[in-house]
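Scroll down for the structure; my scribbles are underneath it.
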There are 2 protein chains.
Amino acid sequence: MRDDDIATLLRALGHPVRLNILRISATQQQGQCCCADVTESLPLAQSTVSQHIKVLLDAGLITRQPRGTRNCYIVQHDRLAELGAAYSGMLAGLTPASPKLEAEPA
Amino acid sequence: MRDDDIATLLRALGHPVRLNILRISATQQQGQCCCADVTESLPLAQSTVSQHIKVLLDAGLITRQPRGTRNCYIVQHDRLAELGAAYSGMLAGLTPASPKLEAEPA
DNA sequence: TTTTTTGATCGTTGATTTACGATAGAAGAT
DNA sequence: ATCTTCTATCGTAAATCAACGATCAAAAAA
């Protein structure tokens, strides 16, 4: 995963409202939520919520599933895990114990 | 850790240049780097690098240590780990296996 | 068909971010 | 004391973000 992609994902998650959307979605029945669920829970206009949803959608952190008159959003846990792995990998590369793994192999 | 704080940290990390600064710092001798180290490595003006450093500094992801005429920056691994833990915790709260840990305790 | 519900999109406004050059200050070298 | 080096900060311009109201499209209900 390139730095650019990691940064984009981090920025997509870097807003309290968007963290909340993920949480609301997971809390809702079947791990899905619609725009209205979020709009009811937060003091924001519907259009604002829709915008935040779009950011998560573009980042692949949720997917859309049209269901009747409403759209359901499902958290993409694998994508979140992917970022988690990339983050851990970065931490490992940053730790002072193994600066470049160039020496002391034995 | 509040959502607000998590979001702030995620945003601080959400730029490829800043990820690079952390990496450069860790690669440098003693896990420290100065502004010039970064400016040499990246095609950016010194003032721009200084700005990015400030973002990391404000987020507590690095600390400053004046050394002679230059400033050394040290990655705060514990802060990075803190964020990692908060992220993992969020993932755990989001996983469909344990929506609210309200049932099946046995 | 008409109405209602749900939600995406448009246009706008204000705030924040990113990048730059220029400047200034502090520490070390001459 | 003067000069050089390193870097923070200022001011600015362009881009992006965050929030809103208004509008439009599609599906379901009447």
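Below, chain A is the first sequence line, B the second, and so on; all start at residue 1.
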(request) Write down the distance between CZ (B:R64) and P (C:dA27), rounded to a whole number of angstrom. (result) 13 Å

(message) Measure CG/B:L13 against C1'/C:dT17 and give the value in whole Å, please.
(response) 16 Å

(request) May I ask you to evaluate whether B:S50 reaches the phosphate of D:dT7, defined as a side-chain N or O under 4.0 Å from OP1 or OP2? (result) no

(request) Would you tell me if any nitrogen or oxygen in the side chain of B:R18 comes within less than 4.0 Å of OP1 or OP2 on C:dT18? (result) yes

(request) Would you give the length of the straight line joining atom CG of A:L83 to atom CG of A:L9, rounded to the nearest 0.5 angstrom? (result) 5.0 Å

(message) Quick check: any donor-acceptor pair below 3.5 Å linking the side-chain of A:S47 to the base of D:dG21?
(response) yes

(request) Send over the distance from A:R67 CZ to C:dG7 C1', rounded to a whole Å. (result) 17 Å

(message) Taking only side-chain N and O atoms of B:H52, does any of them lie within less than 4.0 angstrom of OP1 or OP2 on C:dA19?
(response) yes

(message) Of the listed nucleotides (D:dT5, C:dC20, D:dA19), which one gets closest to any side-chain atom of B:T69?
(response) D:dT5

(message) I need the minimum non-hydrogen distance between B:L13 and B:L22, along with the two atoms involved.
(response) CD2-CD1, 3.6 Å

(message) Please give me the minimum heavy-atom distance between A:S41 and A:I24, naming the atom from each residue.
(response) CB-CD1, 3.7 Å

(message) Please report the distance, rounded to the nearest Å, between CD in B:Q51 and P in C:dA19.
(response) 10 Å

(request) Consider the side chain of B:R70, meaning its heavy atoms from C-beta on, and name the nucleotide among C:dA19, D:dC6, C:dG7 that approaches it most closely. (result) D:dC6

(message) Assuming nearest nucleotide by heavy-atom distance, tell me which of A:G68 and A:T48 is located more 5' along DNA chain D.
(response) A:T48

(request) Give the nucleotide from the list D:dC20, C:dG7, D:dT7 with an atom nearest to the side chain of A:C34. (result) C:dG7

(message) Without decimals, in angstroms, what is the distance between A:N71 CG and C:dT6 P?
(response) 12 Å

(request) Using only side-chain N and O atoms of A:H15, determine if any of them is under 4.0 Å from OP1 or OP2 of D:dA19. (result) yes

(message) Nearest whole Å is fine: how far is C:dA15 P from B:R11 CZ?
(response) 16 Å

(request) May I have the distance from A:Q46 (atom CD) to D:dA18 (atom C1'), rounded to whole angstrom? (result) 15 Å

(request) Using atom CG of B:D58 as one end and atom P of C:dT17 as the other, report the distance to the nearest whole Å. (result) 10 Å

(request) Would you give the length of the straight line joining atom OG1 of A:T39 to atom CG of A:L44, rounded to the nearest 0.5 angstrom? (result) 8.0 Å

(message) Here's a test of your reading of the structure: between A:C72 and B:P43, which maps to the more 5' nucleotide of DNA chain C?
(response) A:C72

(request) Work out which heavy atom in A:Q65 is nearest to a heavy atom in A:R67; give both atom names and the distance. (result) NE2-NH2, 3.0 Å

(message) Just to be sure I understand the rule, does B:I53 reach a base, reach only the sugar-phosphate, or reach nothing, if contact means heavy atoms closer than 4.0 Å?
(response) nothing

